[in-house]
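No experiment lies behind these values; they were computed from the predicted model shown. Chain A is the first sequence line, chain B the second, and so forth, proteins listed ahead of strands; every chain is numbered from 1.
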Amino acid sequence: MKALSQRRRSPLAVFALLVIGLLVTGGLYAVASGSVSKAQADETTQTVNGSVENGSKLFAANCATCHGLAAEGSDSGPSLVGVGAAAVDFQVGTGRMPMQMQGPQAPSKPVQFDEQQTADLAAYVASLGAGPAIPDEETIDISGVSDEELANGGTIFRVNCAMCHNAAAAGGALTRGKFAPSLAGVSEQHIYEAMVTGPQNMPVFNDSNITREQKKQVIAYLKHIEAQGSPGGQALGSLGPVSEGLFIWTAGIGLMVAFTIWITSRHA
Amino acid sequence: MSQTTEYTPKTDVGRIANFVNQRTGAAAAVKEFGRKIFPDHWSFMFGEVALYSFIILLLSGTFLTFFFDPSMAETHYDGSYVPLRGIEMSVAYSSSLDISFDVRGGLFMRQVHHWAALLFVAGMSVHMLRVFFTGAFRRPRELNWVVGGVLLILGMAAGFTGYSLPDDLLSGNGLRIIDGVIKAIPVVGTYISFFLFGGEFPGTAIIGRLYVLHILLVPAIILLMVVLHLMMVVIHKHTQYPGPGRTEDNVVGFPVGPVYAAKAGGFFFVVFGAIAAIAALFQINPIWNYGPYDPSPVSAGTQPDWYIGWVDGALRLMPGVLGDFSFERNVAFPWGHNTFVFNVLLPALGPALFLLGLLFAWPWIERWITKDNREHHILDRPRNAPFRTAVGAAGVVFYCTMWAAASSDLIATHFHVSLNDVTYWLRTIFIIGPFIAFWITRRLCLSLQRKDRETVLHGREAGVIMMSPEGGYSEKHEQLNEYKRWRLVSFDTPQYIPAQPDEDGKITKKEKRRAKWSKFFLEDRVAPVTPAELAAAHDHHEVEGGDHKSLGH
């Protein structure tokens with residue numbers, strides 16, 4: 001203990017403290033993010049059967065204000081007849097619905113309904129008219145995607161998705177306050193549902209546009225680049241040259257100013 | 001018969017040095033250069049930041065040329081980056097991926113090269129701003145200012161040609177914009193584009209051509225300009241900030257040998273270390289994310305490197321139509337109709353020509369307006385040249401607005417505002433921002449000058465309140481010491497000179513114009529405190545102080 005208190009004023013103590021701090025935060029983060037992704041995995045493997053009757057009640061209480069009592073739509077919200085269970089699972093399952101306020105686009109926020117309630121709502125909306133169903137496990141199982149198929153998924157992503165979602169899936173701006181969100185941390189099921197239902201300002205990519213197999217490849221590609229991290233170090237938000245330029249003008253030039261002041265303040 | 005006894009050194013090093021000196025006469029040069037004096041100030045070192053970044057660029061760039069193949073021949077990638085394996089791409093892109101993933105240390109060297117490039121241009125920019133705002137470009141350094149401006153443009157050219165080499169989607173989009181700008185040049189644009197790209201864009205020639213420019217022509221010219229630049233620094237001697245003992249005829253500082261050689265040499269390793277640390281920790285230009293170039297996709301967040309951003313921003317700010325007026329005009333010529341695409345041509349070339357033109361011409365503009373043709377080796381404090389500082393601030397705002405416009409989409413997503421509104425606001429700032437910046441900066445400078453005058457004449461408010469026997473209150477003022485006062489009074493600023501008649505007794509129109517500018521810039525000049533004013537002010541204080549002293553008795 002005495003040795004420790006003697007060394008705490010050493011110039012290296014700061015670095016030691018920094019390293020310990022980084023390791024602790026990094027470790028805690030790894031544990032926390034690991035448990036989150038595990039929780040998500042549990043979520044997708046569970047199959048919950050929804051009840052149309054309960055869904056109808058939930059709908060009347062939470063959604064009818066904008067979507068109309070019979071989901072026929074109103075000035076404030078579109079008709080939900082024929083949007084399918086997949087649309088409900090995506091919008092409610094990512095917290096986008098119920099909407100917090102009217103705006104150019106509903107952002108994702110903490111989920112308001114539990115799995116059973118979401119399934120009930122989905123079952124109710126699906127009962128109104130035929131639409132895309134929630135994908136089964138086999139449809140979104142990406143474990144069998146080969147390397148060539150994964151690379152093909154990347155090409156499909158760059159040609160069809162990157163113009164809004166950014167080449168690194170980091171998100172991007174659309175007109176008048178609308179935006180394409182980042183795809184980091186979005187589950188396979190939700191990515192699939194977004195493609196088949198075209199939520200918010202996104203276009204629909206149906207099975208004749210991008211086949212089921214190709215959708216699986218795109219999801220596999222996204223999951224692969226998410227898992228691989230950034231090979232070159234801190235990704236700076238994957239936002240391209242803007243964040244790089246900002247970095248060199250703040251950290252880079254800042255560091256240079258610090259060193260020039262240090263060097264010129266030392267007299268011979 | 002006389003025998004000359006040659007000096008024979010005793011040590012081995014001495015013998016070698018003597019041998020070299022006898023054959024080259026290098027000792028004289030070392031003696032001369034070693035006694036060059038450089039003043040100590042942190043703001044004088046940004047030119048060095050740029051120079052050292054350039055050396056690092058040459059070193060890391062040489063490494064990259066060993067592995068890069070600038071061919072646009074088609075191939076299928078079979079390296080170790082899985083998400084691109086089997087994808088059809090150019091050999092250039094494939095070899096860039098190999099450098100990133102399969103060459104030992106390749107990714108690190110690529111990142112060193114790219115970060116150094118960003119720091120190179122940033123260092124030059126800060127250096128240039130320092131030179132401008134302190135008036136270091138004045139006689140006799142006007143030509144060196146021009147060489148510096150040429151270096152800045154060459155730095156941007158080197159950056160852009162290098163940025164395009166990997167032939168990834170991001171840089172390909174940038175090239176496509178350049179192609180569009182070239183094609184917007186009336187009449188000859190299409191021909192120039194076909195000549196540059198060896199046919200229709202993108203063709204199969206451009207990467208090889210840019211490679212030759214990037215590794216041979218542009219660096220060679222940069223090197224030449226750097227040599228010119230440094231030679232002129234040696235000829236002109238370094239400028240210095242005003243201070244006691246510093247005059248127009250001396251330089252106060254430390255000699256190159258040994259002090260500045262050590263400081264500057266050490267600083268090279270500091271810059272190298274900083275760039276290496278940044279390159280090791282922070283990813284730059286992840287080309288594997290963007291995929292091979294293909295003219296059809298354009299990814300969100302497509303921007304050029306920061307130093308080209310202002311031109312991209314100007315393009316983003318330009319409206320295609322204004323009400324019913326379209327900027328795309330069909331003009332009839334004797335040989336037929338030609339399309340003038342002003343909504344591309346104006347923003348791509350207009351602001352750049354204006355800003356760079358003003359930058360190059362400024363030393364002469366200032367000399368013409370102020371009629372100040374003397375040599376200046378003592379720098380101005382920016383506040384003591386309100387008109388120049390205000391013009392500089394206006395230029396910075398003008399530049400930065402375009403710069404910000406290049407990231408309008410990211411401003412929109414990160415601050416949760418509408419992209420359209422960002423564009424409208426930036427258009428407004430683009431037009432009125434420079435004027436507001438000019439006005440505010442000038443007022444600030446004048447106020448600071450008045451404050452300086454006040455401090456010199458009446459001293460610093462000590463915060464000690466004294467009550468006189470009559471019940472009146474007064475605050476005690478502390479006088480500055482001589483050294484601090486010197487800094488505040490030892491400057492000289494140009495005055496408004498009304499239009500002067502020429503030899504024939506006539507006042508020319510040009511001279512009237514000059515007088516107008518001179519009046520606009522200099523009419524509310526705050527004059528430095530004269531010794532007479534200072535003496536008068538101090539007498540006044542002594543009378544006041546006399547009262548207090550008499551109270552003590």
Indicate yes or no for a side-chain donor-acceptor contact from B:Asn420 to the backbone of A:Arg176 under 3.5 Å, with no hydrogens or angles considered. yes
Do any of residues 232-244 of chain A come closer than 4.5 Å to chain B, heavy atom to heavy atom, and if so which ones, in number order? A:Gly232, A:Gly233, A:Gln234, A:Ala235, A:Leu236, A:Leu239, A:Gly240, A:Pro241, A:Val242, A:Glu244
Please classify the contact between A:Thr175 and chain B as side chain, backbone, both or neither, with a heavy-atom cut-off of under 4.5 Å. both
What residue, out of B:Ser296, B:Ala262, B:Ser43, B:Gly291, has the most heavy-atom pairs lying under 4.5 Å from chain A? B:Gly291
Check each atom of A:Leu174 against the heavy atoms of chain B and say whether the ones under 4.5 Å are side chain, backbone, both or neither. backbone
Return yes when atom CG of B:Asp78 has more than 12 non-hydrogen atoms of other residues, nucleotides or ligands closer than 6.0 Å, and no otherwise. no
Return the option, out of B:Leu169, B:Leu281, B:Asp305, B:Leu419, with the maximum number of heavy-atom pairs under 4.5 Å with chain A. B:Leu281
Test side chain to side chain contact (heavy atoms under 4.5 Å, CB included) on B:Leu119 and A:Met256 and set out the steps. CA-CA 10 Å; B:Leu119 190 65; A:Met256 287 301 124; 4.3 Å; yes
Can you tell me how far the CD1 atom of B:Ile87 sits from the OG1 atom of A:Thr155, to the nearest 0.5 Å? 3.0 Å
Over all heavy atoms of both residues, which pair between B:Ala300 and A:Met163 is shortest? Give the atoms and the distance, please. CB-O, 3.3 Å
With the side chain counted from C-beta on, respond yes when B:Gln283 and A:Pro231 share a heavy-atom pair under 4.5 Å apart, and no when they do not. yes
Can you establish whether the number of heavy atoms outside A:Trp249 located under 6.0 Å from its atom CH2 is more than 12? yes
Using the rule side chain to side chain contact (heavy atoms under 4.5 Å, CB included), only one of A:Val257, A:Thr264, A:Ile261 pairs with B:Met45; which is it? A:Thr264
Closest heavy-atom contact between A:Leu150 and B:Pro83? CD2-CA, 3.6 Å
CD/A:Gln228: more than 12 non-hydrogen atoms of other groups inside 6.0 Å: yes
For A:Leu255 and B:Ala274 the tightest heavy-atom approach is CD2-CB, 3.6 Å
Is the shortest heavy-atom distance from the side chain of B:His416 to the side chain of A:Pro107 under 4.5 Å? no
In terms of the angle between their ring planes, are A:Phe247 and B:Trp115 parallel, tilted or perpendicular, with boundaries placed at 30° and 60°? tilted
Counting heavy-atom pairs under 4.5 angstrom with chain A, the leader among B:Asp294, B:Asp409, B:Leu410 is B:Leu410
Hey, can you pull the donor-acceptor pairs under 3.5 Å for the side chains in residues 15-24 of chain A, sequence neighbours left out?
none

